[in-house]
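What you see is a predicted model, and the numbers here were worked out from it, not measured in a lab. Values reported hereafter were calculated over all heavy atoms of this structure, with side chains retained and with hydrogens, waters and symmetry mates removed.
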Amino acid sequence: MVTNRKSATFSTVVQALALIARVPEGIISSERIVDEMALNAVVMRRLLAPMRAAGYVEARRGVGGGWAIARDPKLLRLGDVYRALALADRPAAGALGEIMARAETAFLAELDRSALADVMTR
């Protein structure tokens, strides 16, 4: 399995979304996310910023604030999470670019077959 920064970022974001979606209280503090995932607070905020911009999570300020899932995990497709992170590369030119574009399309199609809820129970 190939592991790179993009796949690690995607995996971390999906894990954070699953953690947020699983809390029975409906909201989880930034501190709890950071503690449970062993992340730096700044990194966590940077990773969740595109999810907030896409409307997948909400950030609530103040006492009792934190992060809440804004979409039904059964409907939030993993491909949409990947796209919101803007991790897709600019394709190379020529034949290699065409091959890479087809591979990216197949990769996203596979992610689109699964929802956040599918990884929450595994």
Problem - Heavy-atom side-chain contact between Asp112 and Leu78 under 4.5 Å - result: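 SC-SC contact between Asp112 and Leu78 ruled out.
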Practice task
Indicate the atoms forming the closest heavy-atom contact of Leu85 with Pro50, along with that distance.
Solution key: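 Looking at all heavy atoms of both residues, the shortest contact is CD2-CG, 4.0 Å.
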Under 3.5 Å, side-chain donor or acceptor atoms of residues 12-27 against the rest of the protein: list the pairs with distances, not counting sequence neighbours.
unit_1 : atom_1 : unit_2 : atom_2 : d
Thr12  : OG1    : Ala8   : O      : 2.9
Gln15  : NE2    : Ser11  : OG     : 2.9
Glu25  : OE1    : Arg32  : NH1    : 3.4

Distance check, rounded to the nearest 0.5 Å: [X] atom [atom1] versus [Y] atom [atom2]?
| X | Y | atom1 | atom2 | value |
| --- | --- | --- | --- | --- |
| Asp80 | Met51 | CG | CE | 9.5 Å |
| Ile99 | Glu104 | CD1 | CD | 14.5 Å |
| Leu75 | Leu116 | CG | CG | 10.5 Å |
| Leu39 | Ser30 | CG | OG | 11.0 Å |

Handout entry: Partners passing salt bridge (charged side-chain N to carboxylate O under 4.0 Å, His left out) against Arg113 (at least two apart in sequence or in another chain)
Key =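 Partners of Arg113 by the salt bridge (charged side-chain N to carboxylate O under 4.0 Å, His left out) criterion, ordered by chain and then number, come out as Glu110.
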Exercise for the section: Apply salt bridge (charged side-chain N to carboxylate O under 4.0 Å, His left out) to Glu58 and list each qualifying residue two or more places apart in sequence or on a separate chain. Expected result: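 So Glu58 forms a salt bridge (charged side-chain N to carboxylate O under 4.0 Å, His left out) with Arg60.
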Exercise for the section: Any salt bridge (Lys or Arg N to Asp or Glu O under 4.0 Å) involving residues 62-79? Give me the pairs, sequence neighbours left out, ordered by first then second residue. Expected result: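 For residues 62-79: none.
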Practice task
Treat each ILVMFWY residue as a node, draw an edge where side-chain heavy atoms are under 4.5 Å apart, and state whether Tyr56 and Met37 are in one component.
Solution key: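 Both belong to a single hydrophobic cluster.
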Practice task
May I have all residue pairs that pass ring-ring contact (aromatic ring centres under 6.0 Å, His included) and include part of residues 94-117, sequence neighbours excluded?
Solution key: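 Output for this query lists Tyr82-Phe107.
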Exercise for the section: Provide the full list of side-chain hydrogen bond (donor to acceptor under 3.5 Å, both in side chains) pairs with a residue in residues 45-54, sequence neighbours left out, each pair given once. Expected result: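 Found none.
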